[in-house]
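Reviewing the structure listed below.
Below, chains carry the letters A, B, ... as their sequence lines are ordered, and counting in each starts from 1. Side chains included, hydrogens not; waters and symmetry mates left out as well; all remaining heavy atoms used. All values derive from a computational prediction rather than experimental measurement.
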2 protein chains.
Amino acid sequence: MNQSDMRDEHRPPLTAPPSLAERIRLDMDSFTPSEKRAAHLLLSHYPFAGLDTVAEFASRAGISAPSVLRFVTRLGFGGFPEFQKHLREELEAQLLSPLAKAGPSDKSQNAPALAAFAEAVIGNLQATVENIAPAEFEAVVALLSDPRRHIHFTGGRFTGALARYAESHFRIVRSHVDFIEGQPVLWRDRMIEIGRKDVVVAFDIRRYQEDVTALCETAARQGATVVLLTDPWLSPIARVARHVLPAHIVAPSNWDSSAGLLLLTEALVAAVTKRLWDSAKPRMEAVERLRGEQR
Amino acid sequence: MNQSDMRDEHRPPLTAPPSLAERIRLDMDSFTPSEKRAAHLLLSHYPFAGLDTVAEFASRAGISAPSVLRFVTRLGFGGFPEFQKHLREELEAQLLSPLAKAGPSDKSQNAPALAAFAEAVIGNLQATVENIAPAEFEAVVALLSDPRRHIHFTGGRFTGALARYAESHFRIVRSHVDFIEGQPVLWRDRMIEIGRKDVVVAFDIRRYQEDVTALCETAARQGATVVLLTDPWLSPIARVARHVLPAHIVAPSNWDSSAGLLLLTEALVAAVTKRLWDSAKPRMEAVERLRGEQR
DNA sequence: GAAAAGCTGTATCAGAAATTTCATCACGTG
DNA sequence: CACGTGATGAAATTTCTGATACAGCTTTTC
């Protein structure tokens with residue numbers, strides 16, 4: 001089950017940025033604050049954000065029209081229309097030759113920590129997806145979509161945040177959802193009402209935390225169904241878990257990456273939301289309404 | 001602003017929408033001679049020919065401007081700008097999902113939901129990395145590596161979990177790190193000691209939360225440096241933020257994906273840990289020792 | 001072959017968009 | 001603390017674009 005991590009196969013290199021975007025990134029330092037706003041908007045929606053009108057662009061960037069003009073002037077264009085023309089031409093060139101995207105992949109030079117890190121994380125995600133048994137995933141979706149079940153999320157030092165993230169979404173989609181703190185003193189008394197109808201979803205990666213393990217073992221002993229999201233080395237919780245979804249976590253860092261776990265979490269949320277849509281939609285609308293009134 | 005809209009737009013399946021080009025081809029017979037010239041020009045340089053001005057388009061097609069206008073009217077658009085808007089949106093949709101149109105990816109058979117979701121998330125991560133200015137990222141790393149600064153993390157309903165995740169890591173790497181709950185009643189009193197030496201790192205994506213915005217505005221007013229991790233549409237916090245790191249969040253789900261934000265968070269943790277390694281290492285060892293004793 | 005119907009282009013207009021001007025503001029400096 | 005510099009946006013200004021009315025031309029039809 002454990003496949004080697006040496007998977008730096010092909011993977012279409014992060015598409016080479018067209019010249020203007022690149023130049024903007026390089027010059028980012030020298031921009032004034034509002035120019036940075038403009039630059040961010042443009043880069044985040046490159047290049048479509050620039051195809052709108054000046055007014056639209058300005059409003060979306062949260063700056064004034066003149067600032068937008070100064071921005072494009074500083075980029076070396078004679079005016080906004082000229083700037084737009086450049087964007088269109090760049091876009092056309094890029095779209096017409098899909099090969100151009102491969103481009104000069106000399107990014108090893110200026111693409112620093114972030115790009116390398118992202119590459120590793122993306123590799124983790126791909127490896128994670130490939131090694132999840134579809135049936136296992138579907139089984140978990142079905143379990144979490146059962147309205148008669150009560151769902152409890154929990155996790156360790158770092159993964160606790162993921163459990164919270166999951167809980168905050170599922171809480172809206174369905175009822176009987178809660179979060180259990182890791183420390184035993186905080187859950188001991190709550191365990192008495194956990195039984196066959198309950199599902200415990202635990203997040204736990206290496207440096208497995210004993211208290212999370214203890215929680216799951218107790219829950220399992222009382223008949224609860226345990227679902228485990230962990231790393232490929234499998235937390236000891238796997239022994240009592242009905243379903244296990246492993247995610248790759250190794251990254252060029254002193255820390256492990258939880259991106260794979262987040263991916264699984266979000267995919268579960270998406271799938272369950274879809275499956276329960278008839279009942280989830282009214283719930284989501286109601287939540288939205290309450291938020292509106294509350295302020 | 002407009003955060004009251006529920007996203008139940010049933011994200012129509014990735015079935016190719018009837019492209020405008022296709023419709024034009026079908027209707028070609030019914031066009032008048034000059035309309036045909038317009039149609040041919042548009043199809044031959046689709047869709048870029050349509051992004052120019054009416055005058056330019058007319059001249060390139062060898063017809064008059066009014067004929068161009070009549071052409072777009074006949075296509076069912078209310079005016080030339082509306083026509084252009086349609087072209088841009090079509091183009092954007094097509095460009096953003098280069099994978100979707102790559103034909104029937106055979107894996108749709110196997111693990112549909114999860115694989116499709118992963119594909120979208122990976123696309124988000126790539127887009128996110130490409131649109132972050134290295135200088136901006138480095139600036140944030142430097143800021144968070146300054147031992148004299150005090151770092152406060154905060155976030156909204158769902159992103160709060162990411163803030164916690166960040167906090168739980170940075171807390172170990174360095175000192176003066178904490179998490180601030182979103183609700184104003186919980187932070188009002190804490191704000192008195194936030195000033196020039198403080199850095200507020202806020203996570204906020206669409207359906208931006210007013211209380212998080214308020215927190216950041218207050219902090220900024222008192223001289224704190226605000227760092228914002230948000231979506232490409234930029235939370236209103238961007239107005240008061242010194243640094244903004246946008247992440248792509250759109251996924252085939254009723255919910256947005258925070259994977260890009262997590263990627264940035266983890267990359268920041270990795271970079272800061274590396275930069276502060278001399279002081280971080282002893283801290284991490286000390287934490288490990290305490291955990292061991294405690295059990 | 002003439003009248004009707006349908007296209008098309010010229011000239012013009014209204015309005016929107018880009019640009020410039022200028023007063024104000026924030027911030028660092030002497 | 002006054003001063004100067006640079007950034008910024010509101011408003012005035014200019015430019016240009018999309019839209020329209022109308023007249024000429026072509027094609028159709030009887």
Side-chain angles (χ1 to χ4, degrees), chain A residues 24 27-42 47-88, chain B residues 27-42 47-88 139 195-197 217-226 234 236 238-244:
Chain A
I24 291 175
D27 292 356
M28 187 64 84
D29 292 339
S30 66
F31 291 156
T32 69
S34 20
E35 283 169 348
K36 278 184 187 164
R37 299 257 178 86
H40 277 129
L41 175 62
L42 179 60
F48 299 97
L51 296 180
D52 266 312
T53 66
V54 170
E56 181 73 12
F57 187 91
S59 128
R60 287 219 268 168
I63 60 180
S64 70
S67 292
V68 174
L69 271 296
R70 282 186 282 262
F71 174 63
V72 303
T73 300
R74 171 182 275 252
L75 290 178
F77 297 101
F80 199 74
E82 190 179 308
F83 164 72
Q84 287 191 319
K85 187 163 176 243
H86 178 92
L87 288 182
R88 284 202 307 270
Chain B
D27 294 355
M28 186 64 84
D29 293 339
S30 68
F31 291 154
T32 71
S34 49
E35 282 170 349
K36 277 183 187 164
R37 300 183 110 184
H40 279 130
L41 173 65
L42 180 58
F48 301 96
L51 297 179
D52 264 311
T53 66
V54 171
E56 181 74 14
F57 187 91
S59 128
R60 286 220 271 166
I63 58 180
S64 71
S67 293
V68 175
L69 272 296
R70 284 186 279 261
F71 174 62
V72 303
T73 301
R74 171 182 275 252
L75 290 177
F77 296 101
F80 199 72
E82 192 179 305
F83 165 72
Q84 288 192 319
K85 184 162 176 255
H86 178 92
L87 289 181
R88 282 205 310 266
R196 299 195 175 283
K197 70 184 182 317
E217 284 173 348
T218 303
R221 209 176 306 121
Q222 296 185 206
T225 303
V226 175
L234 297 191
R239 295 177 170 285
V240 298
R242 178 79 55 90
H243 300 289
V244 179

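- We find that NZ of K36(A) is positioned 13 Å from C1' of dA7(D), with the value rounded to whole Å.
- Partner F83(A) forms a side-chain contact (heavy atoms from CB on, under 4.5 Å) with one of L69(A), V68(A), L42(A) and no other, that one being L42(A).
- Between the CD1 atom of I63(B) and the P atom of dT26(D) there is a distance of 18 Å, given to the nearest Å.
- With hydrogens and angles disregarded, no donor-acceptor distance shorter than 3.5 Å links the side chain of E35(A) to the backbone of S67(A).
- Summary for the helix from dG1(C)-dC30(D) to dG30(C)-dC1(D): the axes at its two ends, each from 5 pairs, differ by 20° when rounded to the nearest 10 degrees.
- In terms of heavy-atom proximity, G50(A) sits nearest to Q84(A) at O-NE2, 3.1 Å.
- Classification of R60(A) and D52(A) as a salt-bridged pair holds, one side-chain N sitting under 4.0 Å from a carboxylate O.
- Scored by the ring pair (Phe, Tyr, Trp, His ring centres under 6.0 Å) test, F31(B) finds F71(B) as partners (sequence neighbours excluded).
- Here dA19(D) presents its P atom at 13 Å from CZ of F57(B), a figure rounded to the nearest Å.
- Separating the NZ atom of K85(A) from the P atom of dC16(D) is a distance of 15 Å, rounded to the nearest angstrom.
- OP1 or OP2 of dG9(D) lies within a sub-4.0 Å distance of a side-chain N or O belonging to S67(A).
- Following rounding to the nearest Å, R74(B) (CZ) and dT8(C) (C1') show an atom-to-atom distance of 14 Å.
- For the OP1/OP2 pair of dA10(D) and a distance below 4.0 Å, the side-chain nitrogens and oxygens of S64(A) include no atom meeting the criterion.
- In this structure, CZ of F83(B) is placed 14 Å from C1' of dG18(D), rounded to the nearest angstrom.
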Using the rule given for side chain to side chain contact (heavy atoms under 4.5 Å, CB included), can you reason through H86(A) versus E82(A), listing the C-alpha separation, both sets of side-chain angles and the distance that settles it, and then say yes or no? CA-CA 6 Å; H86(A) 178 92; E82(A) 190 179 308; over 6 Å; no
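- For the atom pair L51(A) CG and L87(B) CG, the distance stands at 11.0 Å (nearest 0.5 Å).
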Contact pattern, 5' to 3', of nucleotides 11-28 of chain C - B, S or - by protein heavy atom under 4.0 Å: ------SSBB--------
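- The backbone N or O of G62(B) lies less than 3.5 Å from a partner atom in the side chain of R37(B), making a donor-acceptor pair.
- T225(B) and R242(B) get closest at one heavy-atom pair: CG2-CB, 3.7 Å.
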